[in-house]
Amino acid sequence: MIITASTLKRFAAASLAAAAFGVWAVDGAHAGTPEKGRAEVLELKVRNDQYTAVDLGPAGPSLGDMDVYSGTAVKDGRDVGRGGGTCQVVQVKDAELTSQCLITMQVARGSLTMQSLWTKGEQGPLDMAITGGTGVYSNARGIARFWDIATPNERARLEILR
């Protein structure tokens with residue numbers, strides 16, 4: 001199987017979307033703290049900034065290959081945070097590649113971490129688990145969902161529990 005730049009860009013953008021969304025979530029903390037047990041819901045657009053694919057094993061798709069990316073979260077036309085991460089191939093099954101994606105987003109009031117498994121070519125939105133953070137998000141958990149990955153209309157929704 002040949003992985004095209006377009007496929008890799010889509011994959012990287014998915015992960016970046018999660019990261020960018022996390023940044024806006026931290027910025028949104030200034031609006032107040034939700035009641036215990038209630039989710040803080042944040043929505044934003046994603047602007048992908050940098051991306052590269054690293055072919056670590058034999059030439060072509062193989063275990064260990066990695067996508068590295070960074071981007072900016074945008075809310076109401078203004079930049080509200082930055083983040084980045086990696087997606088590394090953890091399983092190769094015939095032409096199907098599954099990667100583990102890890103993202104960190106940092107802003108003034110803390111950071112969020114997110115992760116997921118993603119199989120290249122999957123249709124539909126991508127969900128990532130919010131696995132923790134620092135600052136006001138030190139006990140964060142929840143789900144980040146991304147749509148229209150690697151397009152000018154890329155968007156994300158983060159549901160944060162603390």
For the student: nearest non-hydrogen atoms of [X] and [Y], plus distance:
X: Leu63; Y: Val92; value: N-CG2, 3.7 Å
X: Ser116; Y: Leu126; value: OG-CD1, 4.1 Å
X: Leu44; Y: Ala73; value: CD1-CB, 3.2 Å
X: Ala140; Y: Leu112; value: CB-CD2, 3.6 Å
X: Asp65; Y: Gly57; value: OD1-N, 3.4 Å
X: Thr131; Y: Met114; value: OG1-N, 4.0 Å

Main-chain N/O of Gly71 paired to Asn48 side chain as donor or acceptor, under 3.5 Å: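 Answer holds: no.
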
Check whether any side-chain N or O of Arg162 sits under 3.5 Å from a backbone N or O of Val136 as a donor-acceptor pair, and report yes or no.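 A pair under 3.5 Å: yes.
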
Spell out, yes or no, whether Leu56 and Val68 are grouped together once hydrophobic residues are joined by side-chain heavy atoms under 4.5 Å, including indirect joins.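 Shared cluster, yes.
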
Got a second to check how far [X]'s [atom1] is from [Y]'s [atom2], nearest 0.5 Å?
X: Ser70; Y: Arg82; atom1: OG; atom2: CZ; value: 5.0 Å
X: Gln91; Y: Thr119; atom1: CD; atom2: OG1; value: 8.0 Å
X: Gln88; Y: Gln100; atom1: CD; atom2: CD; value: 8.5 Å
X: Thr86; Y: Gln115; atom1: OG1; atom2: CD; value: 10.5 Å
X: Ile103; Y: Tyr69; atom1: CD1; atom2: OH; value: 4.0 Å
X: Glu43; Y: Glu159; atom1: CD; atom2: CD; value: 8.5 Å

Contacts of type salt bridge (Lys or Arg N to Asp or Glu O under 4.0 Å), residue Asp79, not counting sequence neighbours: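 Only Arg47 meet the salt bridge (Lys or Arg N to Asp or Glu O under 4.0 Å) criterion with Asp79.
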
Within 6.0 angstrom of Asn139 CG, more than 12 heavy atoms from elsewhere: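 Incorrect, the count does not exceed 12.
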
With a 4.5 Å cut-off on side-chain heavy atoms, are Trp118 and Met128 touching?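 Met128 vs Trp118: side chains apart.
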
